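First up is the structure itself, then whatever we jot down about it.
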Amino acid sequence: MNTLKDLLVDDGLVFAFFVVGVVMVASHATSKAVTRGRLQGSAIAIIVGLVLAYVGGHVTGGEKGISDIAIFGGMALLGGSMLRDLAIVSTAYGVDLREIRRGGATGILSILLGVFVSAIVGAAIAAMFGYTDAVSMATVGGGAATYIVGPVTGTALGASSEVVALSVAAGLVKSVLVMIGTPFIARFIGLDNYKSAMAYGGLMGTTSGVAGGLAATDKRLVPYGAMTATFYTGMGCLLVPSVFYFALRGLFG
Amino acid sequence: MVVIGVALLAGCYLVGMLIGDLLGLALGVEANVGGVGFAMVLLVVVADQLRRRGHLEPVSEQGILFWSAMYIPIVVAMAATQNVVSAVSGGPMAIIAGVAAVAVCLALVPVLARIGGRAEALPPLRDDEAMEAVR
């Protein structure tokens with residue numbers, strides 16, 4: 001038994017390939033048998049992944065989902081940002097750059113609007129819960145943008161660690177919700193062409209959320225959504241602790 | 001050679017990320033700004049040039065297409081390593097803030113997608129396997 005465990009720990013990445021393969025096969029079978037293909041196999045697989053992440057986090061108390069359980073450690077490498085971004089870049093192969101250029105205005109506007117609208121919504125919710133100082137509102141607003149912008153803003157402005165933790169949690173909620181919700185809402189927001197995918201990527205901004213949401217909806221949209229989402233976190237880190245914070249301070253003192 | 005495609009992808013990735021890091025540095029933010037985007041543009045342009053000059057054989061393309069096909073499995077692994085417990089147990093404020101931000105931004109997708117005329121919908125997708133076969 002120990003020999004097997006050592007093997008799975010040592011050869012973690014190979015075991016992760018196997019685990020993900022099993023999840024994919026089971027999810028596609030479920031998609032066909034239970035939902036008659038109405039819910040895509042990849043959407044089910046991502047939900048299964050999130051459930052595994054919950055189980056892993058619940059059992060170990062760690063922050064990296066299932067990969068905190070030793071034998072599933074390889075999942076952290078397979079699902080980490082390095083291979084994820086490499087795979088995202090590869091999906092661009094064969095994309096027509098003219099489409100990206102045609103969607104340029106939509107893309108740029110969606111990033112700016114996405115950062116500010118999320119930050120305003122987050123700050124407003126923070127105020128409703130009694131966090132009425134500009135620093136806390138900006139930090140939670142940053143978290144509502146992505147779970148990276150929140151702590152970056154909080155650290156820059158000197159927010160309390162409690163508020164920073166809340167901002168990370170808000171960003172995580174957003175990311176998980178985008179992954180799960182996108183395939184269900186895609187039809188209603190017209191998410192079926194390159195331009196709406198660019199708008200979606202810029203408005204949502206969370207790289208993991210967009211990567212998961214588009215994978216579950218239609219993989220062909222991935223490069224367009226990823227193209228705009230990739231600028232979002234950087235723009236958020238730039239705009240939220242500066243422009244947005246000063247605007248809040250001007251308005252609320 | 002398959003590895004030529006993989007190396008091309010890796011090279012574009014690294015150069016794109018470097019541009020994103022430098023842009024972040026120039027803007028004074030501790031984040032990569034657009035690295036993935038620059039890498040994607042680079043891959044499309046460079047691969048297109050190589051193909052036109054006959055330097056990119058179909059077998060080399062397989063090195064790129066493999067990673068493209070691995071995209072969804074990788075995203076599933078990504079989902080399985082998210083901090084879902086923190087998201088669920090973040091308390092009402094974190095949950096409401098996250099949900100509200102998503103709802104408002106989703107509602108804006110059709111508005112922004114209309115700028116400069118609506119784009120045509122992609123042809124219907126039968127399933128993932130069919131798509132991989134086409135590519």
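No experiment lies behind these values; they were computed from the predicted model shown. Reminder, nothing fancy here: chain letters follow the sequence lines and each chain counts from 1.
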Inter-residue atom distance A:Y147.OH - B:N83.CG, 0.5 Å rounding: 9.0 Å
Judged by atom type as modelled, is there a donor-acceptor pair below 3.5 Å linking the side chain of B:Y71 to the main-chain atoms of A:A211? yes
What distance separates B:Y13 OH from A:D85 CG, expressed to the nearest 0.5 Å? 5.0 Å
Where does A:L78 contact chain B at under 4.5 Å (heavy atoms): side chain, backbone, both or neither? both
Taking C-beta and beyond as the side chain, do B:M70 and A:S90 meet within less than 4.5 Å on heavy atoms? no
For chain A, which candidate among B:G98, B:A100, B:S86 shows the most heavy-atom pairs at distances under 4.5 Å? B:G98
Under 4.5 Å from a heavy atom of chain B, the part of A:Y131 involved: side chain
For the pair A:K195 (side chain) and B:I115 (backbone), establish whether a donor and an acceptor sit closer than 3.5 Å, ignoring hydrogens and angles. yes
So B:V36 and A:V89, do their side chains get closer than 4.5 Å, heavy atoms only? yes
Calculate, to the nearest 0.5 Å, the distance between atoms CG and CG belonging to B:L122 and A:N193 respectively. 7.0 Å
Give me the atom names and distance for the closest heavy-atom approach of B:I96 to A:F129. CD1-CZ, 3.8 Å
Taking A:D96, A:V121, A:I47 one by one, which has the highest count of heavy-atom pairs under 4.5 Å against chain B? A:V121
Counting C-beta onward and ignoring hydrogens, is there a side-chain heavy-atom pair between B:P123 and A:R220 closer than 4.5 Å? yes
For the pair A:T106 (side chain) and B:L112 (backbone), establish whether a donor and an acceptor sit closer than 3.5 Å, ignoring hydrogens and angles. yes
Out of A:T233, A:V51, A:V55, A:L86, which one racks up the most heavy-atom pairs below 4.5 Å with chain B? A:L86
Shortest non-hydrogen pair, B:A97 vs A:G122, comes out as CB-CA, 4.5 Å
Part of B:A94 lying under 4.5 Å from any heavy atom of chain A: both
Using a 4.5 angstrom heavy-atom cutoff, name the option from A:T206, A:I125, A:V168 with the most pairs to chain B. A:I125
Give me the atom names and distance for the closest heavy-atom approach of B:G37 to A:T230. N-CG2, 3.4 Å
How close do A:Y200 and B:V109 get, counting heavy atoms only, and between which atoms? CA-CG2, 3.9 Å
Which region of A:M179, side chain (C-beta onward) or backbone (N, CA, C, O), has a non-hydrogen atom less than 4.5 Å from a non-hydrogen atom of chain B, or is it both or neither? side chain
Top residue by heavy-atom pair count (under 4.5 Å) with chain B, among A:P223, A:A170, A:A169, A:G234? A:A170
Heavy-atom distance under 4.5 Å between the side chains of A:M235 and B:L27, does that happen here? yes
So which residue, A:G79, A:G107, A:A123, A:A144, ends up with the most heavy-atom pairs under 4.5 Å with chain B? A:G79
Under 4.5 Å heavy-atom distance to chain A, tell me which part of B:F66 shows up: side chain, backbone, both or neither. neither
Quick one: does B:V85's side chain get under 4.5 Å of A:Y54's, heavy atoms only? yes
Measure the shortest side-chain to side-chain distance between A:I100 and B:M40 over non-hydrogen atoms and say whether it is less than 4.5 angstrom. no
Do other residues, nucleotides or ligands put more than 12 heavy atoms under 6.0 Å from the CD atom of A:E99? yes
Give, as side chain, backbone, both or neither, the part of A:V23 having an atom under 4.5 angstrom from any heavy atom of chain B. side chain
Go through it in stages, so that I can follow the logic: the residues are A:I46 and B:V75, the test is side-chain contact (heavy atoms from CB on, under 4.5 Å), and I'd like the CA-CA distance, side-chain angles, deciding distance and then a yes or no. CA-CA 7 Å; A:I46 287 166; B:V75 165; 3.9 Å; yes
At a 4.5 Å cut-off on heavy atoms, which part of A:V20 comes close to chain B: side chain, backbone, both, or neither? side chain
Supply the atom-to-atom distance B:L65 CG to A:T91 OG1, rounded to the nearest 0.5 angstrom. 11.0 Å
Relative to chain A, which segment of B:V99 carries a heavy atom at a distance below 4.5 Å: side chain, backbone, both, or neither? both
Go through the atoms of A:L177 and report whether side chain, backbone, both or neither lie under 4.5 Å from a heavy atom of chain B. side chain
When the 4.5 angstrom heavy-atom criterion is applied to B:Q82 and chain A, the contacting part is both
Rounding to 0.5 Å, atoms CG (B:L106) and CZ (A:F188) come to a distance of 12.0 Å
For A:L113, which atoms come within 4.5 Å of any heavy atom of chain B: side chain, backbone, both, or neither? side chain
Examine whether an atom of A:S175 lies under 4.5 Å from a heavy atom of chain B, and if so say whether it belongs to the side chain, the backbone or both; otherwise answer neither. side chain
What are the two closest heavy atoms between B:V44 and A:A92, and how far apart are they? CG2-O, 3.3 Å
Please report the closest heavy-atom contact between B:A87 and A:V176, naming both atoms and the distance. CB-CG2, 4.3 Å
Answer with side chain, backbone, both or neither: which region of B:V29 has an atom nearer than 4.5 Å to a non-hydrogen atom of chain A? side chain
Here the gap from A:L83 atom CG to B:M78 atom CE, rounded to the nearest 0.5 Å, amounts to 12.5 Å
Region of A:V19 that comes under 4.5 Å of a non-hydrogen atom in chain B: neither
Measure A:F72 against the heavy atoms of chain B and call it side chain, backbone, both or neither at under 4.5 Å. neither
